[in-house]
Amino acid sequence: MSDFFNDIYDVVLLIPSGKVTSYGAIANYLGTKGSARIVGWAMNQVPKNSNIPAHRVVNRNGCLTGRHHFNPPEKMQQLLENEGIKISNHCIENFKTCFWDPSIELNL
DNA sequence: ACGTTGACTGGTC
DNA sequence: TGACCAGCCAACG
C-alpha cells in the first residue's frame, strides 16, 4: 500500500455527506494532477471493511463511472440520492452545486 | 524487467 | 459533438 493510496483514502473520508468530488480534484489536492487514474485504482483497491465513501467520488463529468464496482452497482446512485444529491442517467444533476474540492475546502 | 490496463483529465482533430 | 492522443502512477501477468 503506497502513501498515495493512504492520502487518497484520507481525502475521501473527509468528504462531507451530501458532497461529491472528482478523481482529478483529489489528485490535484495530493499534488499529482495527472495521477487521477491512480485515484481510480485506489478506489478499486479500497478495502470493503473500510468506511470509505467511494460513492462520493465521481469523474469530472459528475457521472458515476465507477458504479459497476459497487455491490450492487445501483447502490452508488442510491447512496448519493439518499444524501440529497440528484442523479439523472447515472450522472449528477447538481454536480457543480454539491461538488466538494479538497484543495479548496481544506484550504491547502 | 517490460508491456498492458485501469473507477481519469485535458487538449486537439 | 464525438473520437483520439498524450500524460500521469501503480498494479498485474
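Residue numbers begin at 1 in each chain, while the letters A, B, ... track the order of the sequences. Bear in mind that the values here come from a model prediction, so they are computed numbers and not experimental data.
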Legend entry - Gap between atoms CD1 and P, on A:Ile38 and C:dG7 respectively (whole Å): 16 Å

Inset, instruction - Going by the side chain to side chain contact (heavy atoms under 4.5 Å, CB included) test, name the single residue among A:Glu83, A:Met76, A:Lys19 that passes it with A:Arg56. - result: A:Glu83

Legend entry - Side-chain (A:Asn89) to main-chain (A:Cys91) donor-acceptor, under 3.5 angstrom: no

Inset, instruction - Using atom OH of A:Tyr29 as one end and atom C1' of C:dC8 as the other, report the distance to the nearest whole Å. - result: 20 Å

Inset, instruction - Would you indicate what A:Ser22 reaches in the nucleic acid, counting non-hydrogen atoms under 4.0 angstrom: base, sugar-phosphate, or nothing? - result: sugar-phosphate

Legend entry - Distance in Å, A:Leu64 CG paired with A:Ile92 CD1, rounded so as to fall on 0.5 Å steps: 5.5 Å

Legend entry - Same apolar cluster (I L V M F W Y, side chains within < 4.5 Å links), A:Tyr29/A:Val20: no

Inset, instruction - Rounded to the nearest angstrom, tell me the gap between atom NZ in A:Lys75 and atom C1' in B:dA7. - result: 18 Å

Inset, instruction - Mind checking the CD-NZ spacing from A:Glu93 to A:Lys86? Nearest 0.5 Å is all I need. - result: 9.5 Å

Legend entry - d(CZ, A:Phe5; C1', B:dG6) in whole Å: 10 Å

Inset, instruction - For A:Asn44, answer base if it contacts any base atom (sugar-phosphate contacts may also be present), sugar-phosphate if it contacts only those atoms, and nothing otherwise; contact means non-hydrogen atoms under 4.0 Å. - result: base

Inset, instruction - Round to the nearest Å and state the distance from A:Tyr9 atom OH to B:dA7 atom C1'. - result: 12 Å

Inset, instruction - Counting heavy atoms from C-beta on, name the nucleotide in B:dG10, B:dA7, C:dC8 closest to the side chain of A:Ala54. - result: B:dA7

Inset, instruction - Quickly work out the A:Phe4 CZ to C:dA11 P distance and round it to whole Å. - result: 11 Å

Legend entry - Interatomic distance, A:Leu30 CG vs C:dA10 P [rounded to whole Å]: 12 Å

Legend entry - From C:dC9, B:dG10, B:dA7, nucleotide with atom closest to A:Ser35 side chain: C:dC9

Inset, instruction - Grab the CE-P distance between A:Met43 and C:dC9 for me, whole Å please. - result: 18 Å

Inset, instruction - Respond yes when some side-chain nitrogen or oxygen of A:Arg67 is under 4.0 Å from OP1 or OP2 of B:dA7, and no when none is. - result: no

Inset, instruction - Name the closest nucleotide to the A:Trp41 side chain, picking from B:dT9, C:dA11, B:dA7. - result: C:dA11

